[in-house]
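Since the structure comes first, as structure tokens, the remarks are kept for the end.
Chain letters run A, B, ... following the sequence lines, proteins first, then strands; residues in each count from 1.
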2 protein chains.
Amino acid sequence: MERYREKGFKLTPQRIAIMKFLEGNKNHPSAEDIYLYVRKTFPTMSFATVYNNLETLREKGHISSLSIDPERRRYDPDTSSHHHLICLKCKMVVDVHADFKVNVPEEQNTAFEVLGSHIEFYGTCPECK
Amino acid sequence: MERYREKGFKLTPQRIAIMKFLEGNKNHPSAEDIYLYVRKTFPTMSFATVYNNLETLREKGHISSLSIDPERRRYDPDTSSHHHLICLKCKMVVDVHADFKVNVPEEQNTAFEVLGSHIEFYGTCPECK
DNA sequence: GTCTTGACAAGAATCATTCTTAAGTGGTAT
DNA sequence: ATACCACTTAAGAATGATTCTTGTCAAGAC
């Protein structure tokens with residue numbers, strides 16, 4: 001946790017609570033999920049504070065934001081390159097850790113500089129079947 | 001075009017204009033792009049009509065909507081399974097037609113019924129480099 | 001011709017996210 | 001310990017994409 005101390009990054013209680021909630025969290029929560037949880041400890045916390053902190057954490061590379069769910073943004077404390085499996089019904093998201101060798105075919109790669117890729121698998125989860 | 005005639009699907013001038021704009025369109029336009037274009041021909045057209053039609057066309061399987069751009073939904077007349085390459089700077093989207101053999105590893109596929117997958121490549125386009 | 005169904009325009013409503021403002025606070029330098 | 005300053009916070013307003021509502025209209029079914 002100490003590794004988070006750096007210039008322009010203050011460890012406020014609100015921020016620590018958000019980080020704690022996210023740490024090791026595999027549920028890919030939305031801003032609202034985070035807000036509802038952290039508000040239990042900090043009843044005066046504002047929604048904007050959640051967004052501010054998420055954006056700051058993302059900038060610093062501590063978390064990443066996912067566009068998997070078209071309805072709302074989701075946040076993932078796992079910043080390593082991995083993929084996702086999403087249930088079309090309940091929208092639950094499961095990590096897929098595997099190193100797929102995918103590359104844009106040369107003839108279609110029109111001078112694009114490819115920096116990364118993300119695979120989204122979609123289907124139906126066991127509960128929704 | 002005649003193939004679109006079916007029960008509960010009326011070919012109104014507005015709808016035809018939207019379909020014409022989308023047909024063969026490789027730019028993955030947003031609802032606003034479509035609205036701005038079609039309004040040239042139908043100045044009284046409302047934004048809601050664009051959304052209504054896009055949703056209807058999507059339901060009928062004539063177009064698909066993409067969540068690639070976190071800012072706004074984009075629409076694609078190409079409903080065949082393909083992937084996308086997106087420029088992180090200007091947000092332009094290019095189709096990637098290739099059949100990648102990707103599968104969720106057995107040990108992680110916890111009884112999930114996988115129906116499909118979509119690969120998103122991201123990077124910098126020639127213009128933005 | 002009348003009925004039914006789907007489509008239209010216009011604008012209000014919704015909802016996630018961002019912005020604004022004023023007041024507060026952590027961490028560094030003093 | 002104190003003071004300062006950049007970063008944070010809370011609160012609410014603002015934004016912007018999308019959806020919903022309402023009243024009207026048109027096409028095809030009967």
Task: Contact check, side chains of B:Leu54 and B:Ile63, non-hydrogen atoms, under 4.5 Å - done: yes

Task: Short side-chain N/O contact to D:dA10 OP1/OP2 from A:Asn52, under 4.0 Å - done: no

Task: N or O in side chain of A:Arg74 less than 4.0 angstrom from C:dT17 OP1/OP2 - done: no

Open item on the list: How many whole angstroms separate atom CG of A:Asn53 from atom C1' of C:dT17?
Closed with: 15 Å

- [ ] Among B:Ile34, B:Ile16, B:Thr41, find the residue that satisfies the side chain to side chain contact (heavy atoms under 4.5 Å, CB included) test when tested with B:Phe21.
- [x] B:Ile34

TODO: For B:Ile16 and C:dA7, give me the distance from atom CD1 to atom C1', rounded to whole Å.
DONE: 13 Å

Open item on the list: Measure CG/B:Leu54 against P/D:dA17 and give the value in whole Å, please.
Closed with: 14 Å

TODO: Measure from CE on A:Met45 to P on D:dA11 and round the result to the nearest Å.
DONE: 11 Å

Open item on the list: Salt bridge check, B:Lys20 against B:Glu23: does any charged N sit closer than 4.0 Å to a carboxylate O?
Closed with: no

Task: Rounded interatomic separation in angstrom, taking CG from B:Asp33 and P from D:dA17 - done: 11 Å

Task: Salt bridge present between B:Arg74 and B:Asp76 (N-O < 4.0 angstrom) - done: no

- [ ] Would you indicate which nucleotide in C:dG27, D:dA17, C:dT17 comes nearest to any side-chain atom of A:Leu11?
- [x] C:dG27

Task: Value in whole Å for how far the C1' atom of C:dT25 lies from CZ of A:Phe9 - done: 16 Å

Open item on the list: At less than 4.0 Å, is any side-chain N or O atom of A:Tyr51 found next to OP1 or OP2 of C:dT17? Yes or no.
Closed with: yes

TODO: Return the nearest nucleotide to the side chain of B:Glu32; candidates are D:dA17, C:dA9, C:dT17.
DONE: D:dA17

Open item on the list: Has A:Asp33 got a side-chain atom pairing as donor or acceptor with A:Ser30's backbone, closer than 3.5 angstrom?
Closed with: yes

TODO: Send over the distance from B:Met19 CE to C:dA7 C1', rounded to a whole Å.
DONE: 14 Å

Open item on the list: Is there a side-chain contact between A:Thr49 and the phosphate of D:dT9, meaning an N or O under 4.0 Å from OP1 or OP2?
Closed with: no

Task: Interatomic distance, B:Arg39 CZ vs C:dC8 C1' [rounded to whole Å] - done: 16 Å

Open item on the list: Under a 4.0 Å threshold between the charged nitrogen and the carboxylate oxygen, would B:Lys91 count as salt-bridged to B:Asp69?
Closed with: no

- [ ] Could you please name the option among D:dA6, D:dA17, C:dA9 that lies closest to any side-chain atom of A:Lys10?
- [x] D:dA6

Task: Residue A:Ala48, side-chain heavy atoms: nucleotide from C:dG27, C:dT17, D:dG12 that is nearest - done: D:dG12

Open item on the list: Quick check: on DNA chain D, is the nucleotide nearest A:Thr56 upstream (toward 5') of the one nearest A:Phe47, or the reverse? Name the residue that is more 5'.
Closed with: A:Thr56

Task: C:dT25 phosphate, OP1 or OP2, under 4.0 Å from A:Thr12 side-chain N/O - done: no

TODO: Starting from the 5' end of DNA chain D, give me the residue, A:Glu71 or A:Gln14, whose nearest nucleotide shows up first.
DONE: A:Gln14

Task: Contact under 4.0 Å: A:Ser46 side-chain N or O vs D:dA11 OP1/OP2 - done: no

Open item on the list: Can you tell me if A:Arg72 touches the phosphate of C:dT17, counting only side-chain N or O atoms and a distance under 4.0 Å to OP1 or OP2?
Closed with: no

